[in-house]
Amino acid sequence: MNQSTQALLTSKMSAESLQKLMTINNDEVTDFVAEAITLCEPDSVWVGDDSDADVAYCRQLAIDNKEEIPLNIEGHTVHWDGYFDQARKKDVTKYLVPEGVELDKKLNQMVRAEGLKEMDDLQRGAYRGRQMLVRFLCLGTTNSIFAIPCLQITDSAYVCHSEDLLYRRGYEEFKRQSAKGDSFEFFKFRHATGEVDERNTSKNYDLNRVYMDYTQNTTLSVNTQYAGNTVGLKKLSLRLAIRKADREGWLAEHMFIMRSNGPNGRKTYLAGAFPSACGKTSTAMISGENIVGDDLAYFRVIDGEFRAANVENGIFGIITDVNASDDPVIHDVLTKPGEVVFGNVLVKDGRPYWLGMGEDIPLAGENHCGQWTDGMVGPDGKPTTCSHKNARYTVQMRDLKNADPAWDTPEGLPIGGIIYGGRDSDTNVPVREAYSWEHGVCTMGATLESETTAATIGQEGVRAWNVMSNMDFLSMSVGRYIQNNLNFAKEIKRPKVFGTNYFIKKDGKFLNGKLDKGVWIKWIELRVHGDVEALDAAYGKIPKYEDLKALFKQVLNEDYTEQAYIDQFSIRIPKVLAKHDRMKAIYDTIADTPQTWKDEMASERARLEKLQAEKGDVISPFDL
Ligand code: GTP
Ligand code: SPV
Ligand code: MN
C-alpha cells in the first residue's frame with residue numbers, strides 16, 4: 001500500500017478497523033475501500049469482521065439511524081422504502097460494457113466509461129456526514145467449492161443488517177483465501193443511500209441507478225433503499241455470478257431448492273425456477289416438505305453428480321398472503337420473538353399488518369405511503385393498499401423449523417428434478433414432465449413466460465418471456481446461457497425436468513388452490529423415481545387421474561373430481577401453438593439460438609399438430 005492510501009485510511013478509521021483491513025492484506029480490497037473513501041467522502045469508516053459484536057453493531061446502528069424502527073415483539077423491526085422504490089427498477093438497471101461490446105440486444109446496457117462517470121457524479125460526496133460501512137460476506141457456504149467472497153461498502157446499516165441475516169459471514173473466508181497468496185476472485189458492491197427525507201427514503205429517487213461493472217466484478221447503486229437494488233449479494237451478485245459460472249462451467253440460477261419427502265423415508269431434492277413473485281418461497285415452504293433455499297441456487301457437477309447449493313442464509317420473502325393456515329412455519333417466525341425485518345407493511349401501535357394475513361386490518365397507520373388511511377390515493381394518483389403487494393420480511397434459515405438439516409452442506413445436495421413455472425392463465429397444464437433434459441431446458445426453461453408482478457416496477461399482469469426466470473439477471477447472450485444449461489448436464493445423470501403452472505384460470509378464476517402445489521410436488525417426486533405412470537400429451541407427460549386422486553387425498557385430504565382434472569389438464573393445443581409462435585418470433589431475433597432449441601421446438605410442434613389433427617383443439621386428458 002502506498003503512503004497516501006495509508007494516510008487516507010488512517011485519517012478515517014479507528015486503529016481497530018484499520019487492523020481488520022490490514023489483516024486481510026489484499027490490494028484489491030484496500031483499493032476498493034480507498035476509492036470509495038475518496039469518492040464518497042465519509043466522516044468515518046468502520047470495518048466489520050465475523051464477530052457477533054460487529055454483527056450486533058450493524059443491527060443496532062440500523063435502529064439508531066432510524067433505518068429500522070423496533071416493533072413490539074422482541075427482535076422485530078420495520079424498514080421503509082420510498083413510495084416509488086418498492087421493487088427492482090429495470091429501466092435504470094444496466095450493464096456497463098466496454099466500448100464496442102454488446103452483451104445481447106435484449107439486455108439493458110450502456111458504455112462503461114459513461115456509466116462510471118454518471119455513477120461517480122451521483123455518489124461523489126454521498127457519504128458526507130455519514131459513516132461508511134465495510135463488510136465481508138460470502139455467497140454459498142464458506143470454505144466450499146460454492147463460496148464466492150463478497151465485499152460490501154455502503155452507508156446503510158439496514159443493508160449490512162439484511163446481509164447478516166441473508167448471507168454467511170465472510171471475513172475469515174477473505175483471510176483464508178488471501179493467505180493462499182495468489183490473487184483470488186471476489187465480488188465488490190458500492191451502494192450509496194443518497195439524500196434522504198425524514199423517513200430515510202431517497203429524495204432523489206428519479207436519480208436511482210443500479211450499474212453492473214462486470215469487467216471488475218463490481219456493482220454500484222445509488223438513491224435507493226429497496227433491498228433488491230441495494231443488497232449487493234442478492235440480485236446484483238447474481239448478474240456477476242452468471243458470468244463467473246459461464247467462465248468456470250457451472251450454473252447460477254434464480255431457483256429455490258427443496259427436499260421432497262417420498263414414500264418410505266425417501267428424500268428427493270428438487271430445484272425450481274419461477275419468476276419473481278411466482279411461487280419459489282411458497283413451494284420451498286410446502287408443509288411436510290423441507291426448505292433448502294428459496295431464491296438463489298448454484299449448480300455444480302461434483303464427482304459426476306448434479307449438485308445444488310443455497311447461495312443464501314435466509315429469506316427475503318414476500319409477505320402478502322402469508323397467513324397461519326397456508327404458511328404456518330413462516331407465520332410462526334413472523335409472530336414470535338426472534339430477528340425479523342419487516343419491509344413496507346402497515347404498522348399500527350407497534351404491530352405489523354399486511355395484505356392477505358387473514359386478520360382484520362386497521363384503517364389507518366404508517367406504511368410505505370407515510371401516514372396512511374384507508375382509501376388514500378398515492379402521490380401517483382393511484383389507489384393505495386394497507387401494505388405494498390411486494391412488502392417483504394427478512395429472516396434467517398436457522399429460524400425455520402422446516403429447514404432441511406442438510407441445507408448448508410458444503411458439497412451441496414444431489415438434484416433429482418428441475419422445475420420451470422410461471423404465471424400463465426390460459427396455456428399450460430398445472431404439471432407436466434419433459435421427455436428429456438434437452439426437451440425440458442428448451443421447451444420449458446427457455447420458453448418460460450410469466451405475467452409481470454409487483455416485484456418489479458411497471459404494469460402488472462403483462463405476459464412476458466422470462467428465460468429460466470433469469471431474464472432480469474442475464475448478463476450475457478441468451479443463446480449462450482441456454483447452451484450452458486444444455487451442456488452442464490451432458491456427461492452426467494440428468495435430473496428430470498418439469499413444467500408447472502399454479503395460475504391456470506377458467507372464467508377469470510384460478511382453477512387451483514394455493515396448497516395444490518403440494519400435490520404436484522409429490523407427483524414430481526414419484527416421477528423422478530418412476531413410481532407412477534404418465535400420459536403422453538405431445539408437449540410432455542402429464543399425471544393420470546387416479547394418481548392425482550390418491551395424492552389429493554393423501555396430501556390435502558381432498559376429493560379430486562374428474563371435472564377438476566379435465567378443467568386443469570386438458571391440452572389446449574391452439575394456445576400451446578400460439579406460444580410456439582411467440583417464442584419463434586423472439587428466438588428468430590437471437591443470433592446464437594442453439595440448434596438443439598430449434599430442433600426440440602420443431603419436433604414438439606409436429607407432435608402437437610399431429611395430436612390436433614387426430615383429436616381436435618382442446619383434448620381432455622381422458623382422451624389421451
Ligand atoms: P421472489 O421472492 O420475488 O423471487 O418471489 P417467489 O417466487 O418466492 O414468490 P412467492 O412464493 O413469495 O409468491 C409470491 C406471491 O404469489 C404470494 O403473494 C403468493 O400468495 C402468490 N402465490 C404463491 N403460490 C400461489 C398459488 O399456488 N396460487 C396463487 N393464486 N397464488 C400463489
Ligand atoms: C425478486 O425480485 O426476485 C426477489 C426480491 O427475490 S429482490 O431480488 O430482492 O428484488
Ligand atoms: Mn427472487
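No hydrogens, no waters, no symmetry mates; every other heavy atom, side chains included, goes into these values. Numbering of ligands and ligand atoms starts at 1, following listing order.
A salt bridge does not link Arg59 to Glu68: none of the charged nitrogens lies less than 4.0 Å from a carboxylate oxygen. Taking a cutoff of 4.0 Å between a charged side-chain nitrogen and a carboxylate oxygen, Asp426 and Arg572 do not qualify as a salt bridge.
Screening Thr154, Thr219, Asn229 against His191 for a side-chain hydrogen bond (donor to acceptor under 3.5 Å, both in side chains) leaves a single residue, Thr154. With Lys90 as the fixed residue, the side-chain hydrogen bond (donor to acceptor under 3.5 Å, both in side chains) test singles out one of Thr456, Asp472, Asn108: Asp472.
Checking side-chain atoms of Asn484 against main-chain N and O of Ile482 turns up no donor-acceptor pair under 3.5 Å.
When hydrogens are left out, the protein atom nearest atom 4 (C) of ligand 2 is Lys235 NZ, 3.1 Å; that is the closest non-hydrogen contact. Protein heavy atom nearest atom 18 (O) of ligand 1, with residue, atom name and distance: Thr320 O, 3.2 Å. Closest protein heavy atom to atom 24 (N) of ligand 1: Lys517 NZ, 2.8 Å. The shortest contact between atom 10 (O) of ligand 2 and any protein heavy atom is with Tyr226 OH, 3.0 Å.
Every atom of ligand 1 is numbered from 1 in the order shown, and the set under 4.0 Å from a heavy atom of Cys278 is 6 (P), 7 (O), 9 (O). Near Gly228, meaning under 4.0 Å from any of its heavy atoms, are these atoms of ligand 2: 7 (S), 9 (O), 10 (O). Annotation for ligand 1: atoms under 4.0 Å from non-hydrogen atoms of Pro275 are 7 (O). With ligand atoms numbered from 1 in the order given, ligand 1 contributes 4 (O) to contacts under 4.0 Å with heavy atoms of His254.
For atom 31 (N) of ligand 1, the choice among Phe316, Trp520, Phe503, Tyr502 with the nearest heavy atom turns out to be Phe503. For atom 2 (O) of ligand 1, the nearest non-hydrogen atom from the set Lys514, Arg392, Lys280 comes from Arg392.
For ligand 2, none of its N or O atoms has an N or O atom of Lys234 under 3.5 Å away. Where the criterion is an N or O separation shorter than 3.5 Å, residue side chain and backbone included, Ala277 meets it with respect to ligand 1. Below 3.5 Å of separation, one finds an N or O of His254 facing an N or O of ligand 2. Residue contacts with ligand 1: Gly279 is placed with a nitrogen or oxygen under 3.5 Å of a nitrogen or oxygen of the ligand (distance criterion only).
Under a 4.0 angstrom heavy-atom cut-off, Gly317 registers as lying outside contact with ligand 1.
More than 12 heavy atoms of other residues, nucleotides or ligands shown are found within 6.0 angstrom of CG on Asp206.
Within the 4.0 Å heavy-atom criterion, the part of Arg423 lying near ligand 1 is the side chain and not the backbone. Both the backbone and the side chain of Ser282 come within contact range of ligand 1, each with a heavy atom under 4.0 Å. Residue Asp295 touches ligand 1 through its side chain alone, judged by heavy-atom distances below 4.0 Å.
Side chains of Ser202 and Gln225: a donor-acceptor N/O pair is present below 3.5 angstrom, by distance only.
Remark: at the Mn ion (ligand 3), atom NE2 from His254 and atom OD1 from Asp295 enclose 90°, rounded to the nearest 10 degrees.
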